[in-house]
Amino acid sequence: MARLAQTAGLTDVQQEILSTVRDFVDKEIIPVATGLEHRDEYPQQIVDGLKELGLFGLMIPEEYGGLGESLLTYALCVEEIARGWMSVSGIINTHFIVAYMLKQHGTQEQKDHFLPRMAAGDVRGAFSMSEPALGSDVSAITSKAVKDGDEYVLNGQKMWLTNGGTSSLVAVLVRSDEGHPEGTAPHRSMTTFLVEKEPGFGEVRPGLTIPGKIDKMGYKGVDTTELIMDGLRVPADRVLGGVTGRGFYQMMDGVEVGRVNVAARGCGVAQRAFELGVQYAQQRHTFGKPIAQHQAIQFKLAEMATKVEAAHAMMVNAARKKDSGERNDLEAGMAKYLASEYCKEVVEDAFRIHGGYGFSKEYEIERLYREAPMLLIGEGTAEIQKMIIGRRLLEEYRFQG
């Protein structure tokens, strides 16, 4: 089972990190994940273990107390964690997107203030773009910030905030018309604010309310919430980068990292589904022999393993492209699209191999079957990925007639 999804060219440090994470997943996550998921219980003990391993600072530079590792290392760790339980990978994903945005776009004061505590896991990050009346159309954001002296007053409602309750720092994207005349393109009049808050639910600071968790089909344990701003006052020095109007570009840069993360999650869930399927196929007997000896099941296992390998290769390519400093929206879009679609297919095939038992909550595949659909819509739907891919291909292959 360890033969699939291997990555060539890793350093000794990367291999040691991945080995440590894999052991942690096998011992601390897989044995308890299904029970925690069924109770929709936040995995505090697992999160504490990740904190002790230093994973909250994995990509944060060493000068701020992090490990200074690459996006590839991060993605491979996410793949391992999602193999254990996808919800845990979601807890660290939003944290890393915010840390990445701070590292790339924050002022020096903002980096000095937040990154050391984020590396230690003492400050947990979340980011918020979506709203109740919009999905993929980020330009339709209506939440707004108005300048008032040395502060901004924020009003509006945000939706689908992962880590909404447990986070203590939220990067929030809102409209800010100050300095942007009427008629300015919507994406040029958006600003990202760094909003500090107390963990928990209800009014977590004056003007900011985090209602209770949204009840979901899957992806349980991690808290997904709304965020309501009603006269929320934020100091001007908490504008990410110190300049308004750059929020859309900052968020899209972070989302590219997030799409690699979702691809990695898809790889991890698919790999676990394959492991469960190939194991069950050798244990279950029909017509006097293990079902793994039936050609129909062997064909299914072959297709599943090939999809796991293909998705993993595309995810690694997208991460390495970003690490090289090159634009990777094409590769990230392809990886996210393929990995999420293949994940759904591999999980369904493993579900079919389990037969009627796959429908039972006693079997792990039932949980994976409910979790996989989230990857089809998280960090942009398949249709959005195809739009990104198509546009970038037309840029690269422009007809010169």
Side-chain angles (χ1 to χ4, degrees), residues 1-2 4-5 22 24-46 78-91 213-224 262 265-308 311 339-378:
M1 286 189 287
L4 288 182
R22 189 177 298 117
F24 181 83
V25 168
D26 288 338
K27 295 174 183 176
E28 305 296 334
I29 297 183
I30 289 177
V32 300
T34 296
L36 289 169
E37 197 271 350
H38 288 168
R39 297 192 298 274
D40 196 8
E41 182 179 331
Y42 186 78
Q44 187 61 59
Q45 187 171 340
I46 293 173
V78 166
E79 182 180 38
E80 290 292 344
I81 293 169
R83 177 180 149 266
W85 185 15
M86 191 178 74
S87 292
V88 179
S89 66
I91 291 170
K213 295 194 298 184
I214 297 170
D215 195 15
K216 309 182 295 289
M217 174 177 75
Y219 198 41
K220 294 179 179 288
V222 58
D223 46 296
T224 305
V262 173
R265 283 196 251 180
C267 293
V269 173
Q271 187 172 349
R272 182 59 181 166
F274 173 79
E275 291 173 1
L276 294 172
V278 75
Q279 180 180 342
Y280 185 83
Q282 295 172 79
Q283 294 174 332
R284 174 71 168 169
H285 286 67
T286 62
F287 304 101
K289 60 183 178 181
I291 62 173
Q293 293 183 19
H294 295 296
Q295 190 179 65
I297 299 299
Q298 290 179 10
F299 282 0
K300 204 174 287 293
L301 292 172
E303 292 171 359
M304 292 163 66
T306 302
K307 289 173 180 177
V308 169
S340 59
E341 294 291 336
Y342 275 1
C343 175
K344 177 199 65 148
E345 294 169 11
V346 171
V347 167
E348 183 170 340
D349 281 342
F351 176 84
R352 290 173 184 268
I353 288 172
H354 280 74
Y357 289 104
F359 211 62
S360 168
K361 287 193 176 232
E362 293 181 19
Y363 283 75
E364 190 177 340
I365 191 62
E366 182 271 343
R367 169 171 63 82
L368 270 58
Y369 194 76
R370 287 183 290 103
E371 289 179 339
M374 198 285 291
L375 298 172
L376 300 173
I377 54 176

Can you name the closest pair of heavy atoms from Val347 and Ile365 and give their distance?
O-CD1, 3.9 Å
To the nearest 0.5 Å, what is the distance between CG (Asp349) and NZ (Lys307)?
5.5 Å
Nearest heavy-atom contact between Ala273 and Val346 is CB-CG1, 4.1 Å
Qualifying residue, where the test is salt bridge (Lys or Arg N to Asp or Glu O under 4.0 Å) with Asp40 and the options are Lys216, Lys213, Arg370
Lys213
Check whether any side-chain heavy atom of Ile91 sits under 4.5 Å from a side-chain heavy atom of Pro43, and report yes or no.
yes
Between Glu275 and Arg272, is the salt bridge (Lys or Arg N to Asp or Glu O under 4.0 Å) condition met? List the steps.
CA-CA 5 Å; Glu275 291 173 1; Arg272 182 59 181 166; 3.0 Å; yes
To the nearest 0.5 Å, how far apart are CD1 in Ile46 and CD1 in Ile29?
5.0 Å
Looking only at non-hydrogen atoms, find the nearest pair between Phe274 and Val308 and report the distance.
CB-CG2, 4.4 Å
Please lay out, stage by stage, how Leu301 and Ile353 fare under the test side-chain contact (heavy atoms from CB on, under 4.5 Å).
CA-CA 9 Å; Leu301 292 172; Ile353 288 172; 3.8 Å; yes
Start with the C-alpha distance between Ile81 and Phe24, add both sets of side-chain angles, then the distance that settles side-chain contact (heavy atoms from CB on, under 4.5 Å), and finish with yes or no.
CA-CA 9 Å; Ile81 293 169; Phe24 181 83; over 6 Å; no
Side-chain donor/acceptor of Glu79 to backbone N/O of Arg265, under 3.5 Å:
no
Charged N-O contact under 4.0 Å between Glu348 and Arg352:
yes
Of all the heavy-atom pairs spanning Ser360 and Glu366, show the shortest one and how long it is.
O-CB, 3.4 Å
Scan for side chain to side chain donor-acceptor pair (under 3.5 Å) pairs involving residues 282-293, sequence neighbours excluded, and state none if there are none.
Thr286-His294
Atom CD in Gln271, atom CD in Glu80: separation rounded to 0.5 Å?
6.5 Å
Check Cys343 against Leu375 and note the closest heavy-atom contact, atom names and distance.
SG-CD1, 3.8 Å
What are the two closest heavy atoms between Leu376 and Ser340, and how far apart are they?
CD2-O, 3.6 Å
Look up atom CG in Asp26 and atom CZ in Arg83, then write down how far apart they are to the nearest 0.5 Å.
4.5 Å
Pairing residues for Arg367 by the side chain to side chain donor-acceptor pair (under 3.5 Å) criterion, not counting sequence neighbours:
Thr34, Glu364, Glu371
Could you grab the distance from atom CG of Leu368 to atom CZ of Phe351, nearest 0.5 Å is fine?
11.5 Å
Taking the basic N atoms (NZ, or NE/NH1/NH2) and the acidic carboxylate oxygens, is any pair closer than 4.0 Å for Glu37 and Lys220?
no
Which value, rounded to the nearest 0.5 Å, describes the distance between Ile297 atom CD1 and Tyr280 atom OH?
10.0 Å
